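Below is one structure, written out as structure tokens; the observations come after it.
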Amino acid sequence: GQYVIHAVGPKIDKLLEGVTDLAQVYTNILSEYCLALRKEDLKVPKVLRLLPVSSGIFLQNKRLDRHMPQMTAAALSVAFARLPLSMHDMLKSVDMEMCVFLGREQGPYKEVFPGWKVNASGASGPATATPPAAGTATGTAAGAAAAAAAAPPGPL
């Protein structure tokens, strides 16, 4: 079974405000996922597939497109930090994946999310990265926060 969380992404025009707004969206997504995990009547998968929110055709300021992998990683790092410790514990056993639309986006997202499975579903390329071993630090929420914190910001 699948469990889908719908989110409306912010209109990103400036880098720092964009990271802040994205962090709030990811905080909401992670919180909702954890709440679903607590419900006994739902069979929620132990794999959380995230999208780079507000990217691609939804990105208002197209000049920020090349920075979206780093912005997404930074926003997720802030989102994880905002969660209560009880949710951190819940997410330790969850595998995280990043799903991008275009094959060309896969490489940049793999760089900032090492160890994560990065899928590309668009017409410009099939692509599936090698998944991390279950329970490894880089394939979990804790690993995601560490990878996001270590990601180089790149030129602005």
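In this text the structure is predicted, and so the values were computed from the model without any measurement. Every heavy atom of this structure was used, including side-chain atoms; hydrogens, water molecules and symmetry mates were not.
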Interatomic distance, CZ@R49 vs CE@M96, rounded to 0.5 Å, equals 12.5 Å
For the student: nearest non-hydrogen atoms of A23 and A79, plus distance: O-CB, 3.7 Å
Would Y26 end up clustered with F80 when hydrophobic side chains under 4.5 Å apart are linked, directly or stepwise? yes
When rounded to the nearest 0.5 Å, the distance separating CG of L51 from CD1 of I5 is 11.0 Å
Test question: given the 4.5 Å side-chain rule for I, L, V, M, F, W and Y, name all other residues clustered with I57, or answer none. F58
Ring geometry between F113 and Y109 (parallel below 30°, tilted from 30 to 60°, perpendicular above 60°): parallel
Nearest-0.5 Å distance that lies between atom CG in L22 and atom CD in E17: 11.5 Å
Could you check whether any side-chain heavy atom of Y33 comes within less than 4.5 Å of a side-chain heavy atom of V94, counting everything from C-beta outward? yes
In short, V25 meets P10 closest at the heavy-atom pair CG2-CD, 3.7 Å
Within the 4.5 Å heavy-atom criterion, are R38 and L35 side-chain neighbours or not? yes
Under the criterion side-chain contact (heavy atoms from CB on, under 4.5 Å), which of V19, N61, L64 is the partner of I12? L64
Side chains of S31 and M87, heavy atoms from C-beta outward: is any pair under 4.5 Å? yes
Search all heavy atoms of C99 against all heavy atoms of P52 and return the closest pair with its distance. O-CD, 3.2 Å
K62 side chain to G56 backbone, donor-acceptor under 3.5 Å: yes
Answer with yes or no whether the hydrophobic clustering places L16 together with V53; edges join I, L, V, M, F, W, Y residues whose side-chain heavy atoms lie under 4.5 Å apart. yes
Do you know the tightest heavy-atom contact between Q106 and A120? OE1-CB, 4.3 Å
Quick check: do P69 and E111 have side-chain heavy atoms less than 4.5 Å from each other? no
Does the side chain of N28 come under 3.5 Å of the side chain of E32 through a donor N or O and an acceptor N or O? no
Would you check if M68 and E105 make a side-chain contact, meaning some heavy-atom pair closer than 4.5 Å? no
Thinking salt bridges, do K92 and D89 make one under a 4.0 Å N-O criterion? yes
Value rounded to 0.5 Å, distance of OG in S77 from CD in Q70: 13.5 Å
Single-linkage hydrophobic cluster L15~L59, side-chain heavy atoms < 4.5 angstrom: yes
What distance separates M98 CE from L76 CG, expressed to the nearest 0.5 Å? 5.5 Å
State the CD-CG distance between E97 and L50, to the nearest 0.5 angstrom. 9.5 Å
Can you confirm whether L91 sits close enough to L83 that some side-chain heavy atom of one is under 4.5 Å from a side-chain heavy atom of the other? yes
Quick one: are L37 and K46 in side-chain contact, heavy atoms under 4.5 Å? yes
I'd like to check P108 versus V100 (side-chain heavy atoms, cut-off strictly below 4.5 Å). Are they in contact? no
